[in-house]
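One structure is given here, and the rest of the page talks about it.
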Amino acid sequence: MMTKKIFSEIHSFLKDIFLFTSYSHKVPISLTFNKLPYQNIRIAIDIFLTQKYQKKFINKISNDKKRKLFEAGNKDGIILNPKFFSDDKIENLKTIINNLIENYKDHNLSMDDGGNLEKNSDSLSKYYYLPKFNSKLTDQVLKLYDALYSNEDLMTQLRFLAGINFKKNEISVHISKVKGKLRSDDWHSDCFGRAAKGFIYLKSVEKNNSPFCFLKGSHADKNFKKLTQNTSSKVTLNGNNGKTKWSSGDEIWIKFKDSNYEKEVLNHSEVIECSYPKGSLVTADISGFHKKGFSDGIDERFTIGFVAKRGSMFEKFKSAFF
(Lines give C-alpha, C1' and ligand atoms only; values in the text may rest on other atoms or scores of the structure.)
Protein backbone atom coordinates (compact mmCIF):
# COMPACT_ATOMS: atom_id res chain seq x y z
CA MET A 1 0.00 0.00 0.00
CA MET A 2 2.81 2.42 0.89
CA THR A 3 4.63 1.61 -2.37
CA LYS A 4 1.45 2.32 -4.33
CA LYS A 5 1.05 5.71 -2.61
CA ILE A 6 4.64 6.63 -3.36
CA PHE A 7 4.31 5.78 -7.06
CA SER A 8 0.99 7.64 -7.22
CA GLU A 9 2.60 10.72 -5.70
CA ILE A 10 5.52 10.56 -8.13
CA HIS A 11 3.11 10.28 -11.06
CA SER A 12 1.01 13.21 -9.79
CA PHE A 13 4.13 15.28 -9.09
CA LEU A 14 5.44 14.78 -12.63
CA LYS A 15 2.02 15.50 -14.13
CA ASP A 16 1.82 18.78 -12.20
CA ILE A 17 5.25 19.82 -13.51
CA PHE A 18 4.39 18.87 -17.10
CA LEU A 19 1.04 20.70 -17.00
CA PHE A 20 2.18 23.78 -15.04
CA THR A 21 1.51 26.13 -17.98
CA SER A 22 -1.80 24.54 -19.01
CA TYR A 23 -5.05 26.25 -18.02
CA SER A 24 -6.92 22.99 -18.54
CA HIS A 25 -5.00 21.65 -15.53
CA LYS A 26 -7.11 23.58 -13.04
CA VAL A 27 -5.48 22.49 -9.77
CA PRO A 28 -2.36 20.58 -8.75
CA ILE A 29 -3.08 16.97 -7.83
CA SER A 30 0.13 15.98 -6.04
CA LEU A 31 0.44 16.29 -2.27
CA THR A 32 3.77 18.08 -2.72
CA PHE A 33 2.43 20.91 -4.87
CA ASN A 34 -0.66 21.32 -2.72
CA LYS A 35 1.66 22.15 0.18
CA LEU A 36 4.03 24.33 -1.88
CA PRO A 37 2.84 27.61 -3.54
CA TYR A 38 2.41 25.98 -6.96
CA GLN A 39 -1.00 27.51 -7.65
CA ASN A 40 -0.13 30.92 -6.20
CA ILE A 41 2.76 31.18 -8.66
CA ARG A 42 0.47 30.26 -11.56
CA ILE A 43 -2.08 32.85 -10.41
CA ALA A 44 0.59 35.58 -10.23
CA ILE A 45 1.96 34.74 -13.71
CA ASP A 46 -1.53 34.64 -15.21
CA ILE A 47 -2.59 37.97 -13.72
CA PHE A 48 0.63 39.60 -14.95
CA LEU A 49 0.30 38.30 -18.52
CA THR A 50 -3.41 39.10 -18.77
CA GLN A 51 -2.97 42.64 -17.45
CA LYS A 52 -0.09 43.19 -19.86
CA TYR A 53 -2.24 42.09 -22.79
CA GLN A 54 -5.23 44.18 -21.69
CA LYS A 55 -3.19 47.35 -21.16
CA LYS A 56 -1.60 46.93 -24.61
CA PHE A 57 -5.07 46.42 -26.06
CA ILE A 58 -6.57 49.50 -24.36
CA ASN A 59 -3.66 51.72 -25.41
CA LYS A 60 -4.53 51.05 -29.07
CA ILE A 61 -8.16 52.23 -28.70
CA SER A 62 -8.78 55.76 -29.98
CA ASN A 63 -12.55 55.88 -29.39
CA ASP A 64 -13.20 57.25 -25.87
CA LYS A 65 -16.51 55.41 -25.40
CA LYS A 66 -14.99 52.10 -26.41
CA ARG A 67 -11.92 52.71 -24.28
CA LYS A 68 -14.11 53.26 -21.19
CA LEU A 69 -16.03 50.06 -21.93
CA PHE A 70 -12.84 47.98 -21.95
CA GLU A 71 -11.33 49.81 -18.97
CA ALA A 72 -14.47 48.87 -17.01
CA GLY A 73 -14.10 45.28 -18.26
CA ASN A 74 -10.53 45.21 -17.01
CA LYS A 75 -11.60 46.46 -13.58
CA ASP A 76 -14.90 44.62 -13.15
CA GLY A 77 -14.25 41.39 -15.06
CA ILE A 78 -17.51 41.69 -17.01
CA ILE A 79 -18.69 43.66 -20.05
CA LEU A 80 -22.41 44.38 -20.42
CA ASN A 81 -23.93 45.07 -23.84
CA PRO A 82 -27.71 45.65 -23.60
CA LYS A 83 -29.38 45.22 -27.01
CA PHE A 84 -26.16 44.11 -28.71
CA PHE A 85 -28.32 42.68 -31.52
CA SER A 86 -31.57 44.24 -32.75
CA ASP A 87 -34.92 42.49 -32.27
CA ASP A 88 -35.02 41.68 -35.99
CA LYS A 89 -31.55 40.13 -35.84
CA ILE A 90 -32.52 38.04 -32.81
CA GLU A 91 -35.69 36.78 -34.46
CA ASN A 92 -33.62 35.76 -37.50
CA LEU A 93 -31.16 33.95 -35.21
CA LYS A 94 -34.01 32.16 -33.43
CA THR A 95 -35.45 30.96 -36.75
CA ILE A 96 -32.10 29.44 -37.69
CA ILE A 97 -31.56 28.01 -34.21
CA ASN A 98 -34.99 26.39 -33.89
CA ASN A 99 -34.38 24.61 -37.18
CA LEU A 100 -30.98 23.41 -35.95
CA ILE A 101 -32.38 22.15 -32.64
CA GLU A 102 -35.25 20.31 -34.29
CA ASN A 103 -32.82 18.43 -36.55
CA TYR A 104 -29.63 18.72 -34.50
CA LYS A 105 -28.16 15.37 -35.54
CA ASP A 106 -28.53 16.28 -39.23
CA HIS A 107 -26.40 19.36 -38.58
CA ASN A 108 -23.73 17.51 -36.55
CA LEU A 109 -24.67 19.17 -33.26
CA SER A 110 -24.17 17.22 -30.04
CA MET A 111 -26.64 17.49 -27.19
CA ASP A 112 -26.41 16.90 -23.43
CA ASP A 113 -27.44 18.48 -20.13
CA GLY A 114 -24.24 20.52 -19.83
CA GLY A 115 -23.31 18.65 -16.65
CA ASN A 116 -25.78 20.80 -14.76
CA LEU A 117 -28.64 18.53 -13.74
CA GLU A 118 -28.74 17.19 -10.20
CA LYS A 119 -29.68 13.56 -9.78
CA ASN A 120 -33.46 13.08 -9.90
CA SER A 121 -33.86 16.75 -10.86
CA ASP A 122 -37.04 17.92 -12.59
CA SER A 123 -35.25 20.99 -13.91
CA LEU A 124 -34.44 21.61 -17.57
CA SER A 125 -30.91 21.85 -18.90
CA LYS A 126 -30.29 21.25 -22.60
CA TYR A 127 -27.09 22.21 -24.39
CA TYR A 128 -26.63 21.89 -28.16
CA TYR A 129 -22.96 22.18 -29.14
CA LEU A 130 -22.12 23.43 -32.61
CA PRO A 131 -19.33 21.82 -34.64
CA LYS A 132 -16.11 23.84 -34.75
CA PHE A 133 -16.03 26.76 -37.16
CA ASN A 134 -13.25 25.19 -39.27
CA SER A 135 -15.01 21.82 -39.63
CA LYS A 136 -17.44 20.70 -42.33
CA LEU A 137 -20.61 22.75 -41.72
CA THR A 138 -24.12 22.53 -43.08
CA ASP A 139 -25.55 25.65 -44.69
CA GLN A 140 -27.69 26.40 -41.63
CA VAL A 141 -24.79 26.15 -39.17
CA LEU A 142 -22.62 28.34 -41.41
CA LYS A 143 -25.49 30.83 -41.66
CA LEU A 144 -25.68 30.98 -37.87
CA TYR A 145 -21.92 31.49 -37.51
CA ASP A 146 -21.94 34.26 -40.12
CA ALA A 147 -24.75 36.04 -38.27
CA LEU A 148 -23.06 35.70 -34.87
CA TYR A 149 -19.67 36.97 -36.01
CA SER A 150 -21.05 39.81 -38.13
CA ASN A 151 -20.25 42.09 -35.17
CA GLU A 152 -16.53 41.88 -34.42
CA ASP A 153 -17.03 43.22 -30.88
CA LEU A 154 -18.09 39.74 -29.74
CA MET A 155 -14.71 38.21 -30.61
CA THR A 156 -12.85 41.29 -29.39
CA GLN A 157 -14.43 41.18 -25.93
CA LEU A 158 -13.77 37.47 -25.49
CA ARG A 159 -10.11 37.91 -26.45
CA PHE A 160 -9.73 40.90 -24.17
CA LEU A 161 -11.20 39.24 -21.08
CA ALA A 162 -9.26 36.00 -21.65
CA GLY A 163 -6.04 37.89 -22.33
CA ILE A 164 -5.17 35.78 -25.33
CA ASN A 165 -5.53 35.95 -29.11
CA PHE A 166 -7.48 33.14 -30.72
CA LYS A 167 -9.41 32.36 -33.89
CA LYS A 168 -13.12 31.65 -34.42
CA ASN A 169 -12.53 27.91 -34.57
CA GLU A 170 -11.03 28.10 -31.06
CA ILE A 171 -14.34 29.14 -29.50
CA SER A 172 -16.85 26.55 -28.34
CA VAL A 173 -20.39 27.69 -29.23
CA HIS A 174 -23.56 26.21 -27.81
CA ILE A 175 -27.29 26.86 -27.70
CA SER A 176 -28.83 26.37 -24.27
CA LYS A 177 -32.23 26.19 -22.63
CA VAL A 178 -32.27 26.04 -18.81
CA LYS A 179 -34.74 26.54 -15.99
CA GLY A 180 -35.21 25.40 -12.42
CA LYS A 181 -32.49 24.55 -9.92
CA LEU A 182 -29.14 23.45 -11.36
CA ARG A 183 -25.65 22.78 -10.04
CA SER A 184 -24.50 26.05 -11.60
CA ASP A 185 -26.75 27.92 -9.11
CA ASP A 186 -23.85 27.86 -6.62
CA TRP A 187 -21.23 30.61 -6.72
CA HIS A 188 -18.20 29.11 -8.46
CA SER A 189 -15.07 29.89 -10.43
CA ASP A 190 -14.27 27.81 -13.51
CA CYS A 191 -10.51 28.17 -13.52
CA PHE A 192 -7.64 29.79 -11.60
CA GLY A 193 -6.56 31.63 -14.79
CA ARG A 194 -8.32 34.42 -16.62
CA ALA A 195 -10.76 32.92 -19.14
CA ALA A 196 -13.78 34.20 -21.05
CA LYS A 197 -17.37 33.18 -21.60
CA GLY A 198 -20.21 35.03 -23.30
CA PHE A 199 -24.00 34.83 -23.61
CA ILE A 200 -26.41 36.29 -26.15
CA TYR A 201 -29.94 36.43 -24.74
CA LEU A 202 -32.44 35.07 -27.27
CA LYS A 203 -35.26 35.93 -24.85
CA SER A 204 -35.45 38.68 -22.27
CA VAL A 205 -34.06 37.52 -18.94
CA GLU A 206 -35.75 38.71 -15.76
CA LYS A 207 -34.97 38.09 -12.08
CA ASN A 208 -37.02 34.88 -12.06
CA ASN A 209 -35.57 33.08 -15.08
CA SER A 210 -31.91 32.45 -14.39
CA PRO A 211 -30.03 35.73 -14.96
CA PHE A 212 -26.25 35.35 -15.15
CA CYS A 213 -24.74 36.69 -11.92
CA PHE A 214 -21.17 37.83 -11.34
CA LEU A 215 -19.10 39.07 -8.39
CA LYS A 216 -17.61 42.32 -9.57
CA GLY A 217 -13.81 42.39 -9.38
CA SER A 218 -13.46 38.80 -8.15
CA HIS A 219 -11.51 37.88 -11.30
CA ALA A 220 -8.46 39.98 -10.39
CA ASP A 221 -8.26 39.80 -6.60
CA LYS A 222 -5.03 37.89 -5.94
CA ASN A 223 -5.78 37.32 -2.23
CA PHE A 224 -9.27 36.09 -3.10
CA LYS A 225 -7.78 33.63 -5.57
CA LYS A 226 -5.31 32.37 -2.96
CA LEU A 227 -8.27 31.60 -0.69
CA THR A 228 -9.83 29.51 -3.45
CA GLN A 229 -6.54 27.68 -3.87
CA ASN A 230 -6.58 26.80 -0.16
CA THR A 231 -10.03 25.31 -0.65
CA SER A 232 -8.99 23.22 -3.65
CA SER A 233 -5.88 22.02 -1.82
CA LYS A 234 -7.98 20.78 1.09
CA VAL A 235 -10.16 18.87 -1.36
CA THR A 236 -7.09 17.31 -2.96
CA LEU A 237 -5.51 16.40 0.37
CA ASN A 238 -8.55 15.40 2.41
CA GLY A 239 -11.42 14.78 0.01
CA ASN A 240 -14.63 16.79 -0.28
CA ASN A 241 -16.91 16.14 2.71
CA GLY A 242 -16.04 12.49 2.67
CA LYS A 243 -16.35 12.21 -1.11
CA THR A 244 -13.66 11.05 -3.53
CA LYS A 245 -10.57 13.22 -3.84
CA TRP A 246 -9.86 14.90 -7.16
CA SER A 247 -7.95 12.54 -9.43
CA SER A 248 -7.60 15.16 -12.15
CA GLY A 249 -7.25 18.92 -12.18
CA ASP A 250 -9.99 19.07 -14.81
CA GLU A 251 -12.71 17.84 -12.44
CA ILE A 252 -12.99 20.84 -10.17
CA TRP A 253 -15.11 23.94 -9.88
CA ILE A 254 -14.15 26.10 -6.92
CA LYS A 255 -17.41 26.63 -5.03
CA PHE A 256 -18.20 28.98 -2.18
CA LYS A 257 -20.23 26.36 -0.39
CA ASP A 258 -17.09 24.22 -0.04
CA SER A 259 -15.31 27.04 1.82
CA ASN A 260 -15.64 28.95 5.09
CA TYR A 261 -15.39 32.45 3.61
CA GLU A 262 -18.64 32.73 1.60
CA LYS A 263 -20.32 35.24 3.92
CA GLU A 264 -17.20 37.38 4.23
CA VAL A 265 -16.69 37.64 0.47
CA LEU A 266 -20.34 38.36 -0.33
CA ASN A 267 -20.43 41.10 2.31
CA HIS A 268 -17.51 42.86 0.60
CA SER A 269 -18.42 42.23 -3.04
CA GLU A 270 -20.93 43.77 -5.42
CA VAL A 271 -23.21 41.26 -7.13
CA ILE A 272 -24.01 42.05 -10.75
CA GLU A 273 -27.29 40.44 -11.83
CA CYS A 274 -27.63 40.43 -15.61
CA SER A 275 -31.37 40.84 -16.13
CA TYR A 276 -31.49 42.27 -19.65
CA PRO A 277 -33.73 42.35 -22.73
CA LYS A 278 -33.38 39.92 -25.61
CA GLY A 279 -30.50 40.74 -27.90
CA SER A 280 -28.16 41.60 -25.03
CA LEU A 281 -24.61 40.26 -24.86
CA VAL A 282 -22.83 39.53 -21.59
CA THR A 283 -19.13 38.64 -21.66
CA ALA A 284 -17.31 37.75 -18.45
CA ASP A 285 -14.01 36.54 -17.04
CA ILE A 286 -15.08 33.20 -15.59
CA SER A 287 -12.09 32.96 -13.28
CA GLY A 288 -14.22 35.41 -11.32
CA PHE A 289 -17.07 34.01 -9.23
CA HIS A 290 -20.36 33.63 -11.05
CA LYS A 291 -23.54 31.58 -11.05
CA LYS A 292 -26.89 31.04 -12.69
CA GLY A 293 -29.39 33.22 -10.85
CA PHE A 294 -32.75 32.25 -9.39
CA SER A 295 -35.29 30.43 -11.54
CA ASP A 296 -38.94 29.91 -10.63
CA GLY A 297 -39.00 26.88 -12.92
CA ILE A 298 -41.57 28.47 -15.23
CA ASP A 299 -39.72 30.56 -17.80
CA GLU A 300 -36.62 29.14 -19.44
CA ARG A 301 -33.45 31.06 -20.18
CA PHE A 302 -32.72 30.73 -23.91
CA THR A 303 -29.19 31.75 -24.92
CA ILE A 304 -26.28 31.26 -27.26
CA GLY A 305 -23.12 30.65 -25.25
CA PHE A 306 -19.47 31.12 -26.15
CA VAL A 307 -16.51 29.61 -24.29
CA ALA A 308 -13.15 30.96 -25.41
CA LYS A 309 -9.95 28.96 -25.74
CA ARG A 310 -7.85 28.90 -22.57
CA GLY A 311 -4.61 27.84 -24.21
CA SER A 312 -1.38 27.92 -22.27
CA MET A 313 0.84 30.47 -20.53
CA PHE A 314 3.16 30.36 -23.53
CA GLU A 315 0.30 31.48 -25.78
CA LYS A 316 -0.62 34.22 -23.32
CA PHE A 317 2.99 35.38 -23.22
CA LYS A 318 3.01 35.60 -27.02
CA SER A 319 -0.28 37.53 -27.01
CA ALA A 320 0.97 39.93 -24.35
CA PHE A 321 4.37 40.78 -25.82
CA PHE A 322 4.13 40.23 -29.59
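Looking at heavy atoms from C-beta onward, Thr138 lies out of side-chain contact with Asp106 at the 4.5 angstrom threshold.
Side-chain contact annotation: Ser312 with Ser22, donor-acceptor N/O pair under 3.5 Å absent. Checking Asp296 against Asn208 by side-chain atom types alone, a donor-acceptor pair falls below 3.5 Å.
Note on residues 70-88: pairs passing side chain to side chain donor-acceptor pair (under 3.5 Å), not counting sequence neighbours, are Gln51-Asn74, Gln54-Asn74, Asn81-Gln157, Lys83-Asp87. Applying the ring-ring contact (aromatic ring centres under 6.0 Å, His included) test to residues at least two apart or on different chains, the pairs with a partner in residues 52-76 are Phe57-Phe70, Phe57-Phe160, Phe70-Phe160.
Applying the side chain to side chain donor-acceptor pair (under 3.5 Å) criterion to Thr32, with sequence neighbours excluded, gives Glu9. In this structure Phe321 satisfies the ring-ring contact (aromatic ring centres under 6.0 Å, His included) test together with Phe317, sequence neighbours excluded. In this view, Leu182 and Asn116, Leu117, Ser123, Ser125, Val178, Ser184, Asp185, Lys292 satisfy the side chain to side chain contact (heavy atoms under 4.5 Å, CB included) rule, not counting sequence neighbours. Every residue was checked against the ring-ring contact (aromatic ring centres under 6.0 Å, His included) condition with His219, not counting sequence neighbours, and none meets it. With sequence neighbours excluded, the residues satisfying ring-ring contact (aromatic ring centres under 6.0 Å, His included) with Tyr104 are Tyr128. In this structure, the ring-ring contact (aromatic ring centres under 6.0 Å, His included) partners of Tyr38, at least two apart in sequence or on a different chain, are Phe20, Phe33. Residues passing the side chain to side chain contact (heavy atoms under 4.5 Å, CB included) test with Glu273, sequence neighbours excluded: Lys207, Pro211, Cys213, Ser275.
Clustering of Ile, Leu, Val, Met, Phe, Trp and Tyr by side-chain heavy atoms under 4.5 Å joins Tyr201 with Ile78, Leu80, Phe199, Val205, Phe212, Phe214, Ile272, Tyr276, Val282. The other residues sharing a hydrophobic cluster with Leu19 are Phe18, where clustering joins ILVMFWY side chains under 4.5 Å apart. Cluster partners of Leu124 are absent, since no Ile, Leu, Val, Met, Phe, Trp or Tyr has side-chain heavy atoms less than 4.5 Å from it.
The shortest heavy-atom contact between Arg310 and Ala195 is NE-CB, 3.9 Å.
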